[in-house]
Amino acid sequence: MLASGSGNVSLRTVSSNRPQVLRSEDQQSVAASDDYYSFSDRTSSSRSPSNGSHATVVRYATPMSHPVSHNSSPAISRTHLGPPMVGSTSRLEQPVKIPNENKNAPSPAVSTVRSVQDREVHMNPMTESASRQVPSDSYAGPPPTPGMDDVPYIRFAINQLTREENSHSLQRPSSVASEDYPAERLIWDEGLGHFIRSPESHNTHPAQQPLLQHPSPEPVDRSLPDSVEPEAFVAVEPPKDSLLYPRLDYVPHVLRPWGLIAVIFCSLLMIAGIVFCNVWSQRHQGFWDYDGQGGERYFVVQFLPQILAVIITVWTFVIQAAVYRTMPFAIIASEKKSGHVLHRLPILSQNFLVPDFSQFQHGEPLVGLSLVLIWISNVITLPLLSCFFQARWFFVDGQGTWRWTAVQDVGWTLVAIYGLLTVALVLLMFRFLRTCSGLIWDPVSLADLIPIIQRSNILRDFEQSEILPDVGESLNPRVLRLGYWQLSSREATFYGIGEVAAPLGNPSLHLSEKSREKQPYGLSRVSYDIEQQIGEGKYGFDEHMYSPSVRYRWTPWFLRDTFIVAWTVTIGALFIAFVLVSFLHDAIKGGFPPRLPTLPSPKSFSSSNFLYSFIPALIGNVLFLAWQPIDVYFRALQPFVSLSFPQGAPADQSLLLSYPSCFPFHVTVLAILNKHYKVAWISFMSVVSAAIPILAGGVFIALNYPSESEIRIAALMPAFYAMVVFCALYTVSFLCIWPGRRRYLPHDISTLADLISFLYQSPLLSDKILREPRSKADLVTRLVMAPPGDRDHPMYGFGIYVGRDGKEHLGIDRFHRSGRADMLITTGSMK
C-alpha cells in the first residue's frame with residue numbers, strides 16, 4: 001500500500017488489467033475551517049462533458065484509513081505495482097467533470113500545501129522520506145470532503161510545484177487540465193524533492209505517452225522550499241461616483257468643518273466675553289454692584305464661567321475621541337512611511353491628566369500640536385475662570401461701594417489660552433478638510449473592523465498574538481494602506497487594509513461567491529487534525545490559551561486591584577478629613593482667616609481670593625480629569641464583557657456597541673436601556689464630577705466682618721453642602737469601578753493591532769452573510785439577522801473557538817456554528 005500522512009484516497013488493490021481506486025474517510029479528528037487555497041479556472045472548454053479533464057493524480061490513504069470493501073480482482077503486491085497491460089484503460093485517466101468555478105478564484109502560495117506525495121499510480125512508490133508531510137506555518141492539508149471532488153485542488157498543488165518559472169508574468173497557467181492545457185506526466189525527483197515533468201511529455205500526446213518508471217535513489221531529507229505568492233495586492237482607485245465603491249473620505253461629524261466651527265465659535269465667544277469684562281472693568285470701575293452672597297449676580301460671576309468652560313471641555317473630549325479613532329486609519333490611508341501605526345498609535349483617548357505626544361511620533365505634527373493645546377486648555381481654564389472675578393471697594397460719586405470687577409492678569413491669560421484652543425481647533429479643521437480618511441463610515445464598534453480586515457493580507461502576522469501581553473512586540477513595522485485593491489491577476493475590486501505588492505496571505509478570504517456557495521455556511525473545505533495541534537505553538541499556545549493567568553492577565557493599570565484599593569483608601573481618607581475639618585467647630589460656616597494679603601491691587605488681583613478659588617478648583621479639576629480614563633476604558637471594555645457571558649450576547653449589545661463615541665449622558669441612557677448599569681453610572685459620574693471644580697472655585701470669597709473687625713474667607717454654605725455631596729458620590733463611585741472577571745483580557749485593547757488579534761482567525765471574516773457590506777446599516781442588518789438555516793438571532797462570544805485555520809484560538813466569533821462545538825467561554829457566571 002502506498003501511504004502518506006495527509007492523503008485520503010486509498011489504492012488498496014489493483015488488478016493487473018484494470019486498476020481501481022477506493023476512497024475512504026480519514027479516521028483522524030477533522031473539522032472544517034477556512035484558511036485554504038482555491039484554484040483558478042480560466043478554461044471554459046474543459047468544463048463541458050465532451051471535453052473533460054483527464055485526472056492523472058490521486059491521494060493515497062493513511063495507514064489508519066479503513067477502505068470500503070470492494071470485490072476487486074486478485075491483489076498483487078502492495079509495495080510494487082507492475083505496469084498495466086497494453087491497451088488497458090485506468091480509472092485514473094477517466095474524464096473528470098470539473099464544476100463551474102469563478103474565474104477569479106485566487107491561488108495561494110505553495111507554502112499552504114501540507115504534502116506533495118500525490119502522483120500517478122504508474123510511478124514507483126516514493127520512499128518514506130520523500131513522501132512525508134511538510135508542515136506549513138499554520139495551515140493543514142485537507143482530507144477529502146464527502147461528496148465533493150478534490151482533484152482540482154490536487155492538480156493545483158502539483159501544478160504549483162512543477163510549473164516552469166515565468167519571469168514575465170504574474171499569472172500562472174490554469175490548474176485544470178483541458179485540450180489547450182493538456183495534463184502532462186509527472187515524475188517524482190527525490191533528489192530535488194518535488195515533481196518534475198517528463199522529458200517526453202512535451203512531444204508525446206498524453207493518451208499515447210508510455211508509462212514512466214523512475215529509479216528510486218537513496219532517500220534525501222529535503223523539504224519544500226517556500227515560494228512567493230503569485231498573486232499580490234495592487235492599490236487601485238475605484239470609479240468615481242460609483243454606488244458600489246463609495247468614496248473613502250468619511251470623517252466623523254464632530255471633525256467636519258461645521259462641527260469644529262461651532263466649537264471655535266464658542267471659544268471666540270469666551271474670548272470676546274473675557275476681553276469685554278477686562279476692558280469695561282478697567283474703564284468703568286467695575287461692571288456690577290456687589291449684592292452679597294447667594295444672589296443671582298453671585299451665581300453669574302462665581303459659577304457661570306466655570307459651567308461654560310466645562311461645556312467646552314466636555315465637547316473637546318468628544319472631539320478627541322473622534323480624533324483618536326480616526327487618525328490611525330487616516331495615516332494608513334495616506335501611506336505615510338510610518339510602520340508602527342497599527343500597533344503603537346492609540347485609538348482610545350489618552351489626553352486627560354497628562355498630554356499625549358503619540359501623534360508626533362507617527363508623522364502628524366498638526367494633530368499632535370492640537371491635542372497638546374487642547375490639554376493645556378482643559379487643565380487650566382476652569383481654575384482660572386474661578387478666580388477671574390473679584391469684589392473690590394470703589395469710590396463712585398463720592399461714595400464707597402463694593403463692585404464686581406475682572407482681574408486683569410487672569411483675564412488676559414485666559415484670552416491667550418482660549419486663543420491657543422482656537423488655533424488647535426483650526427488646525428484640526430484643516431487636517432480633516434478634504435482628507436482621505438480611508439473610511440466608508442465611522443469605525444465606532446468592533447463590528448466596524450470586520451469589513452476593514454476581511455480580506456487583508458497582513459492577518460498572518462498576527463499568528464498566536466491573542467495571548468501575548470503586548471501584540472506590538474510580535475509585529476514587524478510595515479507601511480500599510482487602507483483603500484481599494486485588486487489582485488495582480490484579476491480585476492475584482494475590494495476594500496480593506498493591506499500592504500502594497502505583498503502576497504495574498506489568506507486565499508480563502510478571496511473566494512468567489514460561487515465557490516462559497518458550495519461550502520457549508522461560514523466554513524471552508526479545510527480540515528484539520530486535532531492530534532497534530534497538541535504541543536504546537538511558538539509560545540506554548542495551546543496551554544496558554546486555557547491558562548487563567550493568560551486569559552485574565554490584563555486590565556488598565558489604574559484598574560488593577562492594588563491601585564483601586566489605593567485610590568479608594570486615599571480618596572476616602574481625604575474626604576473624611578475634608579468633612580471633619582470643615583464641620584468641626586464651624587470652621588467653614590464661621591469663616592477662617594485668609595493668612596494672605598486680601599487688599600486687591602490696581603489690577604484687582606487679591607492673593608487670598610486667588611488662592612482660595614484657584615487651588616480648590618484645580619484640585620477638583622484634577623479629580624474630574626482623573627475620572628475620564630476610567631470612563632473611556634469601561635466604555636471600551638463593555639463589548640468584551642457582553643461577549644463573555646456564558647451564552648454570548650446579541651450583536652446590538654456586543655459587537656455593535658459604540659459607547660466610546662457617544663455623547664455625554666447619551667451613553668448613560670443607552671447603557672441603562674442595555675442594562676449595563678456599571679457603565680451607565682461611571683459615564684454619568686464622568687460628567688457630574690465636573691460639579692466639584694465648578695463649586696469649589698466659587699464657594700469661597702474674602703469678606704469683611706465688621707463685628708470682628710477683620711477679613712475672613714467665607715463660604716456660600718448651600719454651595720458648600722452641594723460640593724460635599726458630590727465629593728461623597730465621587731468617593732463612593734470608586735467602589736463601583738472594581739473590574740469584574742469579564743473585564744480582564746489577555747492584553748490591551750488601545751490599538752488597532754490589539755483588536756485585530758482577537759479577530760484575525762475568526763470565521764466571521766469569511767462568513768458569506770458578512771461579505772463586503774456597503775454601508776453601516778447593511779453591516780448592522782447582516783449581524784442581527786439569523787444565519788441561513790437558523791431561526792434564532794445569532795449570539796456572539798469571546799472565548800476559545802475553532803479558527804479558519806482549523807485550530808483553536810481565543811477571540812471573537814459566533815457562539816454557535818453548525819457542525820462545530822459551541823464556543824468555550826471560561827468566565828462562567830461571574831461578573
Side-chain angles (χ1 to χ4, degrees), residues 6 25-37 112 114 135-146 148 446 450 453-454 459-460 462-467 506-509 511 516 519-547 550-551 643-644 646-649 654-655 746 756-770 787-790 794-827:
S6 65
E25 297 296 330
D26 196 341
Q27 300 303 313
Q28 294 178 340
S29 301
V30 295
S33 177
D34 190 56
D35 216 351
Y36 198 51
Y37 56 81
T112 60
R114 290 292 298 268
S136 66
D137 294 338
S138 61
Y139 300 96
T145 305
M148 195 172 297
L446 290 174
I450 294 176
I453 67 172
Q454 197 169 47
L459 297 183
R460 282 188 176 181
F462 291 86
E463 184 65 28
Q464 302 181 5
S465 61
E466 62 264 40
I467 65 170
N506 290 274
S508 64
L509 297 180
L511 287 175
R516 289 181 175 274
Q519 305 178 41
Y521 174 73
L523 307 177
S524 72
R525 299 189 178 104
V526 179
S527 299
Y528 69 100
D529 189 346
I530 293 179
E531 289 84 353
Q532 293 181 1
Q533 298 180 42
I534 299 177
E536 292 184 358
K538 54 187 176 182
Y539 300 103
F541 185 66
D542 296 324
E543 297 179 1
H544 290 171
M545 195 182 346
Y546 289 90
S547 173
V550 173
R551 170 60 180 86
L643 292 169
S644 297
Q647 300 300 323
S654 55
L655 294 180
I756 294 174
S757 69
F758 294 135
L759 286 167
Y760 75 99
Q761 279 294 346
S762 176
L764 291 174
L765 301 184
S766 57
D767 273 354
K768 182 173 66 176
I769 196 173
L770 297 177
D790 292 346
M795 306 292 283
Y796 301 88
F798 179 82
I800 298 174
Y801 65 94
V802 178
R804 294 179 295 105
D805 59 354
K807 299 179 181 180
E808 291 181 336
H809 292 270
L810 178 62
I812 301 170
D813 189 24
R814 189 176 292 114
F815 180 80
H816 172 75
R817 288 186 178 273
S818 301
R820 294 189 180 185
D822 290 344
M823 174 181 286
L824 175 62
I825 299 178
T826 60
T827 49

From [X] [atom1] over to [Y] [atom2], what is the distance, rounded to the nearest 0.5 angstrom?
| X | Y | atom1 | atom2 | value |
| --- | --- | --- | --- | --- |
| L655 | L446 | CG | CG | 6.0 Å |
| I800 | E466 | CD1 | CD | 10.0 Å |
| D813 | Q761 | CG | CD | 11.0 Å |
| I450 | L770 | CD1 | CG | 6.0 Å |
| Q464 | M545 | CD | CE | 8.0 Å |

Is there a donor-acceptor pair closer than 3.5 Å between any side-chain N or O of S465 and the backbone N or O of F462?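 Confirmed, S465 side chain pairs with F462 backbone.
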
So which heavy atom on [X] is nearest to which on [Y], and how close?
| X | Y | result |
| --- | --- | --- |
| M823 | Y801 | CE-CB, 3.8 Å |
| I825 | S644 | CG2-O, 3.2 Å |
| P746 | F798 | CD-CZ, 4.2 Å |
| A649 | L643 | CB-N, 4.5 Å |
| L810 | F758 | O-CD2, 3.9 Å |
| L765 | Q454 | O-CG, 3.0 Å |

Do I756 and L459 come within less than 4.5 Å of each other through their side chains, counting heavy atoms only?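 The answer is yes, as the side chains (C-beta and beyond) meet within the 4.5 Å cut-off.
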
Under the side chain to side chain contact (heavy atoms under 4.5 Å, CB included) criterion, do R817 and D767 qualify, and how do the steps go? CA-CA 11 Å; R817 288 186 178 273; D767 273 354; 3.0 Å; yes

If the plane angle is over 60° it's perpendicular, under 30° parallel, otherwise tilted; pick one for H809 and Y760.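 It falls in the perpendicular class, over 60°.
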
If the threshold is 4.0 Å, N to carboxylate O, is there a salt bridge linking R460 and D805?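 Salt bridge absent between R460 and D805.
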
Go through the structure and list residues passing ring pair (Phe, Tyr, Trp, His ring centres under 6.0 Å) with Y796, not counting sequence neighbours.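 Not a single residue meets the ring pair (Phe, Tyr, Trp, His ring centres under 6.0 Å) criterion with Y796.
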
Let's go through Y546 and T826 carefully: what are the C-alpha distance in whole Å and the side-chain angles of both, what is the deciding distance for side chain to side chain contact (heavy atoms under 4.5 Å, CB included) to 0.1 Å, and is it a yes or a no? CA-CA 9 Å; Y546 289 90; T826 60; 5.6 Å; no

